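Inspection log for the structure reproduced underneath, given as structure tokens.
Labels below follow one simple rule: chain letters A, B, ... track the order of the sequence lines, proteins then strands, and each chain is numbered from 1. These figures come from a predicted structure and were not determined experimentally.
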Amino acid sequence: MTGCLPIWQQIKTKRITMIKRLLHNHISEVLSALELSGERDFTVEVPNNPEHGDYSTNAAMVLAKQNKIAPRKLAETLVKELRKNKFYKAVEIAGPGFINFKIAPSLYHKILFDIRDLGEDFGQSDYGQGEKVLIEFVSANPTGPLNIVSARAAAFGDTLYRVMKKVGFEPDREFYVNDAGNQVDILAESLELRLREIHGENIGEFPFEAYHGEYVRQLAHKLNATDGVRIFMLPEKERTDRMKEFALSELLEMQRMSMERFDVQFENWVSEKALRQEGVVEEVLSYLTEANCTYEKEEAIWFSSSEFGDDKDRVLMKSDGSITYFVPDLAYHLTKIQRGYTQLIDVFGPDHHGYVPRLRAAFRALKYDDDILEVIFLQQVNLFESGERVKMSKRAGKIVTMDDLIDEVGKDAARYFFIARKANAHLNFDLELALQKNNENPVYYCQYAHARICSILKRARKDKLYPRSFKKELGQKLTKPEELALIHKMTDLPGLLELIAEHREPHRLPTYTEELCSLFHRFYNKYQVVNPKYKELSQARLLLIEVVKDVLAGCLDLMGISAPEKM
RNA sequence: GCGCCAGUAGCUCAGUUGGAUAGAGCAGCAGCCUUCUAAGCUGCGGGUCAGGGGUUCGAAUCCCUUCUGGCGUGCCA
């Protein structure tokens with residue numbers, strides 16, 4: 001009834017290799033067979049202390065109270081049933097009522113072949129049930145080169161996308177381009193001033209509000225090369241339009257290039273300007289008006305957002321007749337829902353805290369479920385060099401751009417460091433550390449493990465030890481704790497990916513990857529893989545490290561980091 | 001003032017969402033290459049989990065409160 005086979009097959013048909021789930025199901029089965037209530041509330045975990053076994057459950061402690069049985073007594077009853085399964089080497093009671101499991105090597109051996117058979121599909125699942133999720137990230141103004149926070153957003157958003165896709169969501173990546181509005185006007189003015197400067201005009205002091213970056217001068221030179229003085233002969237409106245069009249297309253292209261260099265692809269780039277031309281602004285205003293939550297005051301039109309949880313009401317249309325940023329952005333969010341997404345994830349920079357309540361308010365006012373909108377805030381990034389914080393000033397145009405960073409430390413290191421930190425915590429980025437090609441740098445630590453395995457496999461092929469096919473019996477040769485620990489670790493990945501997707505926590509992936517690599521390096525230092533004297537053992541270990549290599553490459557790929565075969 | 005986020009080893013950070021003796025990596029000290037990549041491995045020190053209350057079998061984790069730092073609090077985006 002609680003035999004091992006049905007559960008094992010159940011796991012296999014789902015193409016999931018997860019011991020945790022196997023245990024959870026098994027314990028549930030035993031509980032219902034014993035007619036105990038509340039079987040969903042317990043957890044199965046990997047204990048910190050290896051002496052506590054491979055896995056551990058708190059089932060007896062959690063269920064003791066509601067069933068009015070002492071925890072240890074309940075544990076004894078459970079253990080008696082659980083022990084009937086031959087895939088456990090040991091099932092023990094410990095402490096206040098934990099049940100600790102030691103997994104039989106034979107199960108690990110089966111799993112190793114399983115992971116191998118799954119290949120690139122290992123870790124894949126239907127967990128997300130095809131839910132359509134839109135992840136919006138970066139969404140910077142096209143008024144300059146992308147900055148460091150955009151780079152962090154890119155790494156974060158893209159990795160989240162990759163993991164969610166892996167576990168069965170249907171996510172899309174989107175970049176909202178704010179190519180309309182006030183900031184674009186200022187950009188055009190800045191460009192015009194620089195252009196006049198080139199033509200020898202005295203422009204006086206460069207305005208405080210304008211864009212001071214050197215790139216504006218470069219744009220001016222480029223525009224001058226094509227248009228020359230002719231641009232000044234155009235009427236003002238046409239001239240400004242030409243400036244805008246030129247600057248936006250140049251800067252947007254620059255941003256696209258940055259993203260490409262960072263291996264981030266967006267399914268969609270949505271233009272605010274295009275949205276406005278489609279008339280969405282008027283639409284949104286009419287929706288809000290119909291919902292009875294707008295009013296006029298001091299020649300402006302307001303949204304009574306404070307009735308829906310915001311601190312105060314917000315202006316929709318300014319007294320000069322122009323629209324605030326909020327309106328087209330809300331319209332944009334509504335198009336996401338109209339396009340069929342049931343979960344909207346916005347990845348925002350640290351300076352948008354105050355903005356979210358009004359967006360939520362609008363969702364409520366328009367009777368959308370506001371759970372549909374989920375905002376993740378990335379905190380700021382501080383760059384350090386030689387222990388000193390690199391000071392940046394956007395106003396003075398003194399910033400380290402995303403491209404500077406990629407030039408300096410490379411895509412792999414940059415992505416790694418950005419992903420490795422929790423989203424809502426400040427990130428101290430040590431430029432020197434990211435540059436170092438030694439053991440202080442975790443990126444190289446992981447890539448090195450991959451390269452090392454490739455090197456061993458190459459050696460095995462050269463020595464003609466690499467078999468045409470791996471026989472199932474080879475598994476039995478893997479008996480060392482370091483070998484089984486590697487398999488154990490790999491079985492944790494599918495569950496981890498689901499956790500990352502569910503809680504939107506990509507930072508767990510680098511941690512996991514480092515742990516897997518650490519186990520491999522330890523194994524490598526202790527045992528020799530290729531040894532012609534022990535052919536079967538060598539082949540069993542080759543199988544093991546090849547599977548580790550593929551799993552590792554999979555992890556790196558999810559982070560958008562290359563897996564080099566040689567270093 | 002109010003709101004959001006953070007505070008864990010000398011430094012940078014994890015901590016399986018409430019589990020057992022809080023863990024890595026650097027930095028410090030001591031070791032390991034005639035053998036598949038030493039960009040690696042092994043060992044040793046190092047803690048009032050910012051402080052104080054509370055919730056329960058059990059708290060770094062949840063609640064309250066104080067302190068410190070960052071950000072926000074535009075008819076900017």
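- In this model, a donor atom of one side chain and an acceptor atom of the other lie less than 3.5 Å apart for A:Tyr355 and A:Asp329.
- Among the heavy atoms of the strands lying under 4.0 Å from A:Glu565 is at least one base atom, whether or not backbone atoms are also near.
- Nucleotide B:A60 forms no Watson-Crick or G-U wobble pair with any nucleotide shown, as no partner meets the under 3.5 Å limit on both distances.
- Mapping A:Glu299 and A:Pro96 onto RNA chain B by nearest heavy atom places A:Pro96 closer to the 5' end of the strand.
- Heavy atoms of A:Gln380 sit under 4.0 angstrom from primed sugar atoms or phosphate atoms, though from no base atom.
- Taking a 4.0 Å limit (strictly below) on heavy-atom distances, residues 174-190 of chain A reaches RNA chain B at A:Asn178, A:Asn182, A:Gln183.
- When both distances must be under 3.5 Å, the Watson-Crick or G-U wobble mate of B:G3 is B:C71.
- One cannot find a donor-acceptor pair under 3.5 Å joining the base of B:C75 and the side-chain atoms of A:Thr324.
- Under the ring pair (Phe, Tyr, Trp, His ring centres under 6.0 Å) criterion, A:Tyr127 pairs with no residue at all, not counting sequence neighbours.
- Glycosidic torsion of B:U12 falls outside 90° of 0, placing the base in anti.
- Using a 4.0 Å heavy-atom cutoff across all strands shown, A:Ser56 reaches at least one base atom of the nucleic acid.
- If you check every strand for non-hydrogen atoms under 4.0 Å, A:Ala94 touches a base.
- A residue-by-residue look at A:Tyr355 and A:Asn424 shows that A:Asn424 has its nearest nucleotide of RNA chain B further toward the 5' end.
- Applying a 4.0 Å cut-off to non-hydrogen atoms, the residues of residues 450-458 of chain A that approach RNA chain B are A:Ala451, A:Arg452, A:Ser455, A:Ile456, listed by residue number.
- In this structure A:Phe175 satisfies the ring pair (Phe, Tyr, Trp, His ring centres under 6.0 Å) test together with A:Phe266, A:Trp269, sequence neighbours excluded.
- Between A:Lys20 and A:Glu498 there is no salt bridge, since no side-chain N of the basic residue sits under 4.0 Å from a carboxylate O of the acidic one.
- With B:U35, B:C5, B:U73 as the candidates, the nucleotide lying closest to the side chain of A:Gln528 is B:U35.
- Stacking annotation: A:Phe98 is stacked on the base of B:A20 (ring centroids less than 5.5 angstrom apart, interplanar angle below 30 degrees).
- Spacing between B:C49 and B:C44 at atom C1', rounded to whole Å, works out to 23 Å.
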Subject >> Footprint string (nucleotides 11-18 of chain B, 5' to 3'): B base within contact, S backbone only, - free, heavy atoms under 4.0 Å >> reply: -SSSSBB-

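- The side-chain contact (heavy atoms from CB on, under 4.5 Å) search around A:Lys273 returns A:Asp179, A:Ala180, A:Leu248, A:Ser271, A:Gln277, not counting sequence neighbours.
- For A:Arg461 and A:Tyr466, the positive end sits near the middle of the six-membered ring, less than 6.0 Å away and at most 45° from its axis.
- Legend: residues meeting salt bridge (charged side-chain N to carboxylate O under 4.0 Å, His left out) with A:Arg541, ordered by chain and number and at least two apart, are A:Glu483.
- For A:Ala331, the side-chain contact (heavy atoms from CB on, under 4.5 Å) partners two or more places apart in sequence, or in a different chain, are A:Val280, A:Val284.
- For A:His52, the ring pair (Phe, Tyr, Trp, His ring centres under 6.0 Å) test picks out no residue, with sequence neighbours left out.
- Phosphate contact (OP1/OP2 of B:C41, side-chain N/O of A:Tyr445, threshold under 4.0 Å): present.
- Nearest to the side-chain atoms of A:Tyr524 among the listed nucleotides B:A38, B:C41, B:A20 stands B:A38.
- Under the side-chain contact (heavy atoms from CB on, under 4.5 Å) criterion, A:Asp351 pairs with no residue at all, not counting sequence neighbours.
- By the ring pair (Phe, Tyr, Trp, His ring centres under 6.0 Å) test, A:Phe308 pairs with no residue at all, sequence neighbours left out.
- For A:His521, the side-chain atoms get nearest to B:C41 when compared with the rest of B:C75, B:C41, B:U21.
- With sequence neighbours left out, A:Asp320 forms a side-chain contact (heavy atoms from CB on, under 4.5 Å) with A:Lys318, A:Ser322.
- Of the possible polar contacts, none joining the A:Ser306 side chain to the A:Asp311 backbone as a donor-acceptor pair under 3.5 Å is found.
- Using a 4.0 Å heavy-atom distance criterion, A:Phe326 is classed as making no nucleic acid contact.
- Residue A:Lys566 has no polar side-chain atom (N or O) positioned under 4.0 Å from OP1 or OP2 of B:A39.
- No contact: A:Asp313 has no heavy atom under 4.0 Å from any strand.
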